[in-house]
Amino acid sequence: MTLYLKKYRIEPARLRNWDYRARGWYFVTICTQNRARIFGEVVDGQVQLSPLGRIANLDLQNLHSHYSNVQADAYVVMPNQVHALIMIDGDHCFTPSPSSLISTEATSSEFSSPRSRSLSAIVRSYKAGVTQRSRESGLTQTIWQPRFHDHILRGDGTIAAVRDYIRNNPADWAQDLGTRQRERVEPCKTVS
């Protein structure tokens with residue numbers, strides 16, 4: 001953490017010198033505020049979406065209609081988070097033609113808004129759309145925690161593994177939930 005305007009702030013989690021508008025596969029996790037289980041529940045390994053969960057799911061299905069070069073390849077709306085495999089198509093920094101290279105140099109302050117058509121802008125628009133539709137439906141609770149987690153995926157094997165993870169996430173929910181609850185209850189054991 002660093003000090004900025006006399007306040008501590010968390011450093012950016014994005015990979016430096018990578019243009020997040022670049023063609024690629026991105027594994028994104030977006031969490032709800034305080035990890036609240038507002039999108040539904042998992043019953044017998046299947047997600048039963050709440051009205052808000054159905055809004056979040058529908059907006060992921062329609063992501064391609066907002067961006068001509070973006071698709072949600074695989075995704076799942078879980079009770080307290082959304083996992084999505086986002087594919088951005090088009091030229092990227094490894095494209096052979098020099099005229100189509102995307103600059104990887106930072107052109108703006110890291111405190112500015114996300115660059116247009118970047119992964120951050122896509123996630124921000126998705127979160128805003130879900131929030132807006134939830135307000136129109138009469139739901140007034142805070143939905144999202146700030147920020148999101150991402151991984152840049154390279155290689156078919158990694159992409160396939162993430163697809164499997166997303167597909168199996170609901171079935172693994174009870175096991176993951178039990179592990180997280182035990183971690184909160186049981187103190188850390190030190191090895192001497």
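For the atom pair Arg21 CZ and Ser120 OG, the distance stands at 12.0 Å (nearest 0.5 Å). To the nearest 0.5 angstrom, Leu139 atom CG is 12.0 Å from Thr142 atom OG1. For the atom pair Leu153 CG and Thr158 OG1, the distance stands at 6.5 Å (nearest 0.5 Å). The OG atom of Ser50 lies 13.5 Å from the CZ atom of Arg37; values are rounded to the nearest 0.5 Å. Remark: His83 NE2 to His149 NE2 distance equals 9.5 Å, nearest 0.5 Å. Distance check: Asp89 CG to Tyr67 OH gives 15.5 Å after rounding to the nearest 0.5 Å.
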Does the pair Ile122 and Leu63 meet the rule for a side-chain contact (heavy atoms from CB on, under 4.5 Å), with working shown?
CA-CA 9 Å; Ile122 293 164; Leu63 191 64; 4.1 Å; yes
Evaluate the side-chain contact (heavy atoms from CB on, under 4.5 Å) criterion for residues Asp172 and Tyr165: first the C-alpha distance (whole Å), next the side-chain angles of each, then the deciding distance (0.1 Å), finally the verdict.
CA-CA 9 Å; Asp172 295 338; Tyr165 174 81; 5.8 Å; no
Dump the intermediate steps for side-chain contact (heavy atoms from CB on, under 4.5 Å) on Val77 and Val47, then the final yes or no.
CA-CA 8 Å; Val77 176; Val47 181; 5.7 Å; no
Decide side-chain contact (heavy atoms from CB on, under 4.5 Å) for Ile152 and Tyr26; before the verdict, give the C-alpha distance in whole Å, the side-chain angles of both, and the deciding distance to 0.1 Å.
CA-CA 5 Å; Ile152 301 168; Tyr26 302 90; 3.8 Å; yes
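Two residues are said to be in side-chain contact when any heavy atoms from C-beta on lie closer than 4.5 Å; Ser125 and His66 fail this criterion. The side-chain heavy atoms of Val82 and Tyr126, taken from C-beta on, include a pair separated by under 4.5 Å. The closest side-chain heavy-atom distance from Gln141 to Ser134 is not below 4.5 Å. Annotation: side chain of Phe148 is in contact with side chain of Leu119 (closest heavy-atom distance under 4.5 Å). For the pair Asn34 and Gln145, the minimum side-chain heavy-atom distance is 4.5 Å or more. Asn80 has its side chain out of reach of Ile38: every pair of non-hydrogen atoms, C-beta onward, lies at least 4.5 Å apart. Two residues are said to be in side-chain contact when any heavy atoms from C-beta on lie closer than 4.5 Å; Ile88 and Asn69 meet this criterion. With a 4.5 Å cut-off on side-chain heavy atoms, Leu85 and Ile166 count as touching.
When atom types are taken as modelled, the side chain of Thr32 and the backbone of Gln81 share no donor-acceptor pair closer than 3.5 angstrom. In this structure a side-chain-to-backbone donor-acceptor pair under 3.5 Å is missing from Asp150 to Phe27. Listed for the Tyr75 side chain is no donor-acceptor partner under 3.5 Å among the backbone atoms of Ile86. The backbone N or O of Leu49 lies less than 3.5 Å from a partner atom in the side chain of Arg54, making a donor-acceptor pair. One N or O on the side chain of Trp144 and one on the backbone of Lys127 form a donor-acceptor pair closer than 3.5 Å.
Taking each heavy atom of Pro170 and Gly45 in turn, the nearest pair found is CB-O, 3.3 Å.
Among pairs with a residue in residues 130-145, those fulfilling salt bridge (charged side-chain N to carboxylate O under 4.0 Å, His left out) read Asp59-Arg133, at least two apart in sequence or across chains. Pairs of residues two or more places apart, or lying in two chains, that qualify as salt bridge (charged side-chain N to carboxylate O under 4.0 Å, His left out) and include a residue from residues 161-170 are Asp73-Arg163, Asp164-Arg167. Within the structure, salt bridge (charged side-chain N to carboxylate O under 4.0 Å, His left out) contacts touching residues 42-51 (residues at least two apart or in different chains) do not occur.
No more than 12 heavy atoms of other residues, nucleotides or ligands lie within 6.0 Å of CD in Gln71, so this atom counts as exposed by the packing criterion.
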